[in-house]
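What's counted below: heavy atoms across the whole structure, side chains too, no hydrogens, waters or symmetry copies. Below, read A as the first sequence line, B as the second, and so on, with proteins coming before strands; counting in each chain starts at 1.
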Amino acid sequence: MKAMLGLALGTIPVAAAWAQGVTLGGIADSAIRHVRNEGLGGMSSLVSGSNATSRIVLRGTENLGGDLSAGFHLESGVALDTGASTSSTNFWDRRATLSLASKAWGELRLGRDYVPSYVNWVRFDPFSHVGVAGSNNFVSATPTGPIRSAFGSAPNTTTRTSNSLQWLLPAGWGGLEGGVMAAEDENGTAANGQHQVRGARLGYAAGPGVVSAAVTRTRNDLTTTDRFDDRVVAGLYDFGPVRVSLALRRFDQANATQNNLLVGAWIPVGNGEIKASWVRAKFSGRVGATALEGRRAHQLGLGYVHNLSKRTALYGTLSHIDNRGLAYVVPGGPSGLAAGGSSRGVEMGMRHSF
Amino acid sequence: MKAMLGLALGTIPVAAAWAQGVTLGGIADSAIRHVRNEGLGGMSSLVSGSNATSRIVLRGTENLGGDLSAGFHLESGVALDTGASTSSTNFWDRRATLSLASKAWGELRLGRDYVPSYVNWVRFDPFSHVGVAGSNNFVSATPTGPIRSAFGSAPNTTTRTSNSLQWLLPAGWGGLEGGVMAAEDENGTAANGQHQVRGARLGYAAGPGVVSAAVTRTRNDLTTTDRFDDRVVAGLYDFGPVRVSLALRRFDQANATQNNLLVGAWIPVGNGEIKASWVRAKFSGRVGATALEGRRAHQLGLGYVHNLSKRTALYGTLSHIDNRGLAYVVPGGPSGLAAGGSSRGVEMGMRHSF
Amino acid sequence: MKAMLGLALGTIPVAAAWAQGVTLGGIADSAIRHVRNEGLGGMSSLVSGSNATSRIVLRGTENLGGDLSAGFHLESGVALDTGASTSSTNFWDRRATLSLASKAWGELRLGRDYVPSYVNWVRFDPFSHVGVAGSNNFVSATPTGPIRSAFGSAPNTTTRTSNSLQWLLPAGWGGLEGGVMAAEDENGTAANGQHQVRGARLGYAAGPGVVSAAVTRTRNDLTTTDRFDDRVVAGLYDFGPVRVSLALRRFDQANATQNNLLVGAWIPVGNGEIKASWVRAKFSGRVGATALEGRRAHQLGLGYVHNLSKRTALYGTLSHIDNRGLAYVVPGGPSGLAAGGSSRGVEMGMRHSF
């Protein structure tokens, strides 16, 4: 049968090559959460991925000789509380890329990946955009504003895009880092998340400090004015006893704007780390006849991560959201928070890398 | 790019830790089955998982030093006849757990897993709850009774539950074994299988004998009286030339009861094993105005498993179901069996562990 | 807990056996494509699997002693551009088989696999049935003809079938190769792709030449006459500087016929290979009152594959389709080509085996 299969696959030297340089790993992260929403009481739940998103990763690289290497990366989210794949239709939707990389010239990467603005934002959030205190709590299509106007409930590009072509700077270009990204809409519809995307990121790292800026522009067929801009500027400085970050992310669509401001801190303590963040979302402009001025919310997060080993940690996190004219919540509470209400969450969990 | 990804993932030492202690394995089990239903003729099919459910398993453990270890377990069913994942929406729905375990204090386990009553039942069934002669043939929401009243066609907790927190006894507590389980409904709906669950199991193993009892109580929003109880008492004794089991499982909801009684036997024969079971389902009480008295069925199963190696076996199984007032069938036959009809099945297959 | 799990799984020696002989591998293949359709302009896209379908493969074999071995093969398609599994409902739908093989007597294979006619066709197509120049462009249920009459838009058996039982000839029977396949419809519906299938393939390889023939007959409940025949005769000769293939594939349903003729060539050039093919589809007979005579199309394909290593290659392909009375297109262009229009495509990509 080998002969038949070999021919069936044409001249591709598959059989001999399989299983070289494949790594299968991932993260299993689970926590118990309790969220109280003002006037609605509390709710308990088991949740997945509060310190780092639970996932499996299949990846590998091949040295092609000289300066070149090939690599692939497939990543699938796992809901460790229910066993669901976090995307039933797009199994590998956390990342699916093929790369050709050169140490001198950088990396050409094809496929589904993070957009530049997200990459430039998540690294400055001590809670990595997840959990009760993650800055993702304010990146949502629920409130009237630029994200909802641009994407409605269709998949949006605030985190990732499919069909992209990227060039990423090589390491060691005098501390510069970043890249450019382009994706076509391929005559797809906004409903299935196929947008035209253009983005870029440029950062500079020197000693204990990093400054970085990114922009991602998305065009789709849902909106009348058709342009959604996502701009981030951010910095980080490691003072030793504390690492501090400051980041600003601005979403624009037509006349609507949402400004997210984040201040973060990491404080190493023995085998663990204290993390704190303050995030503020502020709306301005208008959507149709609705003025957005005065709509804002802020979130205060405090957490501790205790490392049991290099691969495994216990953690606990507290979060408090205050709204003015908005109804952002810590996920996992009773539904129906009124605009202007507050939301509080606490969670204790374990993260295990494998 | 390493630097960027490292930062993007915060301070998690992921890259360095991946792919340590991961095991990828599973079972491939396929058989040819023929089922005849009274008055309807016969039907042939290729089936998956008749000796042991076809699956892939991704799991690992990490020694945390001293008495402690961390572990995860992801398990996904495979329909080896069609290539389907047995759950398209919940890929890892056979099991998705994260554990912190101590040799002295037992295991804390979070996630989706078997309920205590199922664990306490399946081990006493020579056919492991699967195949033409598995006791699962009588655990079904089809007939009017407690399971259907409690869950309708929504996912039920007769086998597993999501969102659970478990504490499992350590090995070697004077022969005691078991654990407790709790899951909240998380404001979910019965339709998506999110129920509040409370369960416990306690067994005692000494020499060739095991006795064990378990109870699992489920509350959901489908039923008026809202409580579904699943109780099991069972025992097993290994006489040497034959191992014999006896188990009773009782489902209660409101005024309806289903009693399942199982007698099983395993007889080692050279490189193989003969297996036999007799299972009886008996309904009592009523659902609304419908009296269930007199509705019963029994199933006789006989099989032989021939081990080709430690990992691979051939098997053949016969099964016969007789109904009184019910229409239980061996799966895979022509549909439309009348109440009181009989059903017969035969299958021959191969099970391969990898 | 080990004791409990061991018992829960009955007497199956699973734990000790797992992870022996498992291979996880696959192919990551991505390309940038541009397609122009007559009168409609062009469209660019990122595509997956243009040289070889992107996939992951989980497989293994076990030597059972003497002449025998057991083996399994699970294969899942990956859309590397979007991260989608190419089949969201049937994750392992590229292949899911369990085998018992003997060097002397051949292989008994159960599960989902290629039908004999497909196996006998794809090996003679220099473009392996995929990409802008693949012969798959003419195997489609879109035009009125035998495929559409037999299957409509339901899954068809021109490539694979579920629920099959196969016996495949062993290697070295005097140059003979091939096998027979049977699948029952299992009372399934055409809508879910469960058809009764009978097929066979027989080939003869001697030195640089291969000749081979196959037939696959499918019955389903969609069509009035209920029979779909797929016959292939083909040959290949390796002249040294060029390998040439010639293949004819004929689809018949009721009074409708589609004849596909393929001429292919592979020309090794240094580290790479030039590939060329000409494919012609020709319809005859009628569907209902619609006469199909005169409906035809041909496709000219030209490509170059440059191997960077045994596992990784860059490639570029050109394709041109001309229609008469049909509207076949190179996939990935603007929709709406009029009957008789032409379609052109170009793509450049990379294929990486892992």
Exercise for review: Counting only heavy atoms closer than 4.5 Å, note whether A/Leu68 contacts chain C via side chain, backbone, both or neither.
Suggested key: neither
Practice item. Would you please classify the geometry between the C/Tyr304 ring and the C/His306 ring as parallel, tilted or perpendicular, with 30° and 60° separating the classes? Key: tilted
Review point. Does any non-hydrogen side-chain atom of A/Thr157 lie less than 4.5 Å from one of A/Asp230?
Key: no
**Study point:** Which portion of C/Asn120 sits near chain A, non-hydrogen atoms under 4.5 angstrom
**Key:** neither
**Study point:** Between A/Ser48 and A/Ser30: side-chain donor-acceptor atoms closer than 3.5 Å
**Key:** no
Review point. C/His352 vs A/Phe72 aromatic rings, parallel, tilted or perpendicular, using cut-offs 30° and 60°?
Key: tilted
Check your understanding: Are the ring centres of A/Phe228 and A/His195 closer than 6.0 Å?
Key -> no
Point to revise | Among A/Leu74, A/Asn63, A/Leu100, residue most engaged with chain C (heavy-atom pairs, under 4.5 Å) | key: A/Leu100
Revision key, fill the gap. Honestly, the part of A/Ser69 sitting under 4.5 Å from a heavy atom of chain C is neither
**Study point:** Top contributor to chain C interface from A/Ser76, A/Ala70, A/Ala183 [non-hydrogen pairs under 4.5 Å]
**Key:** A/Ala70
Check your understanding: For the atom pair CG (C/Asp81) and CZ (C/Arg33), what is the distance rounded to the nearest 0.5 Å?
Key -> 9.5 Å
Practice item. Counting only heavy atoms closer than 4.5 Å, note whether C/Met43 contacts chain A via side chain, backbone, both or neither. Key: side chain
Point to revise | Region of A/Ser164 in contact with chain C, defined by heavy-atom distances below 4.5 Å | key: backbone
